[in-house]
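Read the numbers this way: they start at 1 and go in the same order the structure lists the ligands and their atoms.
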Amino acid sequence: MVAPAPATVAVVGAGSWGTALAALIARHGCTTVLWGRDATGIAAINAHHENARYLPGIALPDMLTATTDLAACVGAADLVLVVVPSHAFAETLRAVAPHRPARAGVAWATKGFEPGSGRFLHEVAAEVLGEDVPLAVVTGPSFAKEVALGLPTALTVHSDDAAFAQAVADVLHGPAFRAYTGDDMLGAELGGAMKNVLAVATGVADGMQLGLNARAGLITRGLNEMLRLNQAIGGKAETLMGLAGLGDLVLTCTGDLSRNRRLGLALGRGQSIADAVREIGQVVESVQTADEVMRQADKHGVELPISSAVQQVLHAELSPAEGLKLLLSREQKPEYPAGLFG
Ligand SMILES: NC(=O)C1=CN([C@@H]2O[C@H](COP(=O)(O)OP(=O)(O)OC[C@H]3O[C@@H](n4cnc5c(N)ncnc54)[C@H](O)[C@@H]3O)[C@@H](O)[C@H]2O)C=CC1
Ligand SMILES: O=C(CO)COP(=O)(O)O
C-alpha cells in the first residue's frame with residue numbers, strides 16, 4: 001500500500017512556539033515552511049538550523065525551511081497553523097486570507113482573546129476567513145522548549161469539523177507527542193486564555209513565599225473560576241477538566257518556563273510590571289488577557305475573585321499584598337455552587 005503523501009504545512013509565526021511546532025511537524029515528515037517577519041532571524045534559521053533568539057541551542061530539523069514571504073508560504077499549504085501572539089492574531093489572519101488555497105483549513109496555537117473586544121479567536125477567524133473554512137484550536141500543556149527538545153507532550157485539537165481536527169492532530173501526533181481531539185472550541189480557548197491569568201496569581205504567591213498550600217489552593221480555586229465562566233459561556237466542563245484546562249493550568253502555575261508565572265514571581269518579589277515584562281523579553285499574554293477575561297466575566301455576570309485581583313495587580317491598582325488580603329477576607333461559601341457539574 002502506498003502511504004499518503006505528507007501534507008504541506010505553513011506555520012505562521014516564528015517565535016518560540018511557532019518554531020517548536022514547525023520543528024515537530026517537520027520531524028514527522030511533513031513539508032513544513034515557517035513564516036516570520038524578522039528577515040535576519042529567518043535567514044539565520046535557514047543557515048544554522050537554530051532559532052537563536054527564541055530557542056537557543058536547540059537543533060532544528062534540516063528539512064524545516066523558513067521564509068519572510070507570506071504569500072509563498074501560505075500559497076503552497078494544505079494546512080495553515082497560526083502561532084502569533086493574540087494581539088497580532090486578527091491582522092495576521094487578514095494577511096493570510098488572500099493567499100490561502102481553498103483546500104487549506106486554518107488552525108492556531110495562539111492563547112488569548114482579541115485585545116480590546118474580548119472576542120474569542122475562533123470568532124475572529126470565522127469573521128476574517130468566512131464561515132466555511134475549517135478552523136481548529138491547538139492547545140494544552142506544552143512549553144515550546146520541551147517540544148523543541150523532543151520531550152513527551154500531550155495536547156488537544158478542538159474544532160467544529162471533526163475531520164479537520166483529526167487532520168491537524170495527525171500532523172502533530174508522533175512518537176513523543178500525543179495529539180487528542182475534541183469539538184469544544186469555546187472551552188478550549190477559554191482554558192488556554194484563563195490559565196495565563198491564574199499563573200500570575202500562583203507566581204505572585206510563590207514570589208511572596210506564601211508556601212505550597214497557597215499555591216495548591218490558588219490552582220484549585222482558579223480551576224473553579226474557569227469552570228464557572230465556562231459554564232456561563234456554554235463550553236463543556238470536560239474540556240476544562242482535561243488538557244486545555246486543568247493540564248495547562250497545572251503546567252503554567254508550577255513550571256518556571258512559564259512567562260506568565262515568571263511575571264507573577266517578579267511582581268511577588270516587588271519588581272515593577274514594566275521591568276518584569278522587559279526582562280522576560282517574550283510575549284506575556286496575561287497582561288492583556290486579564291482585562292478580556294474580566295470583560296467576559298462581567299458580560300456573563302460571573303464573579304472571578306482571583307482573576308479580578310490579578311487584573312488589578314497588573315494595572316497597579318492593588319499591590320500583591322493588598323490583592324492577597326482581598327482574597328483572604330472574602331466571605332465563607334460552599335466549595336461548589338449548585339449545578340456546576342450539571
Ligand atoms: N511558548 C510557548 O511555550 C507556548 C506559547 N503559546 C502561545 O503561542 C502564542 C505565541 O507565543 P510565542 O511563540 O511563545 O511568543 P514569542 O514571544 O516567543 O514569539 C512571538 C513571535 O510573534 C511575532 N510577532 C509579534 N507580533 C507580530 C505581528 N504583529 N505580526 C507577526 N508576527 C508577530 C514575533 O516576531 C515573534 O516571532 C501566544 O499566544 C502564546 O500564548 C502556546 C503554547 C505554548
Ligand atoms: O502556554 C504555555 C504552556 O502551555 C506557555 O505558557 P507561558 O506563555 O506562560 O510561557
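Where the criterion is an N or O separation shorter than 3.5 Å, residue side chain and backbone included, S258 meets it with respect to ligand 2. Below 3.5 Å of separation, one finds an N or O of D248 facing an N or O of ligand 2. Considering backbone and side-chain N/O of G140, one or more are found under 3.5 Å from N/O of ligand 2.
Heavy atoms of K145 stay at 4.0 angstrom or farther from ligand 1. By the 4.0 Å heavy-atom criterion, G13 is excluded from the residues contacting ligand 1.
Of the possible donor and acceptor atoms, one in the side chain of R261 sits under 3.5 Å from a partner among the backbone N and O of C253.
At a heavy-atom distance under 4.0 Å, atoms from both the backbone and the side chain of A144 approach ligand 1. With a 4.0 Å cut-off on non-hydrogen atoms, L251 touches ligand 2 through its side chain and not its backbone. Residue-level proximity to ligand 1 for A109 is carried by the backbone, the only part with a heavy atom below 4.0 angstrom. Heavy atoms of E285 found under 4.0 angstrom from ligand 1 belong exclusively to the side chain. For W17, heavy-atom contacts with ligand 1 shorter than 4.0 Å involve the backbone as well as the side chain. At a 4.0 Å heavy-atom cut-off, ligand 1 touches Q282 through backbone and side chain alike.
Those atoms of ligand 1 that come under 4.0 Å of a heavy atom in H87, given as number and element, are 26 (N).
Listed by chain and residue number, nothing satisfies the salt bridge (Lys or Arg N to Asp or Glu O under 4.0 Å) test with K145 (two or more places apart in sequence, or in another chain).
Summarising the contacts of atom 22 (O) of ligand 1 with G36, A148, S16, P85, the nearest heavy atom is found in P85.
The stretch residues 104-129 participates, sequence neighbours left out, in these salt bridge (Lys or Arg N to Asp or Glu O under 4.0 Å) pairs: K111-D248, E114-R119, R119-E127.
Ion pair R295/D298 not flagged as a salt bridge, since none of the NZ, NE, NH1 or NH2 atoms sits closer than 4.0 Å to an Asp/Glu carboxylate oxygen.
Annotation for L121 and F89: closest pair O-CE2, 3.5 Å, computed over non-hydrogen atoms.
Among all non-hydrogen protein atoms, the one lying nearest atom 19 (O) of ligand 1 is G15 CA, 3.2 Å.
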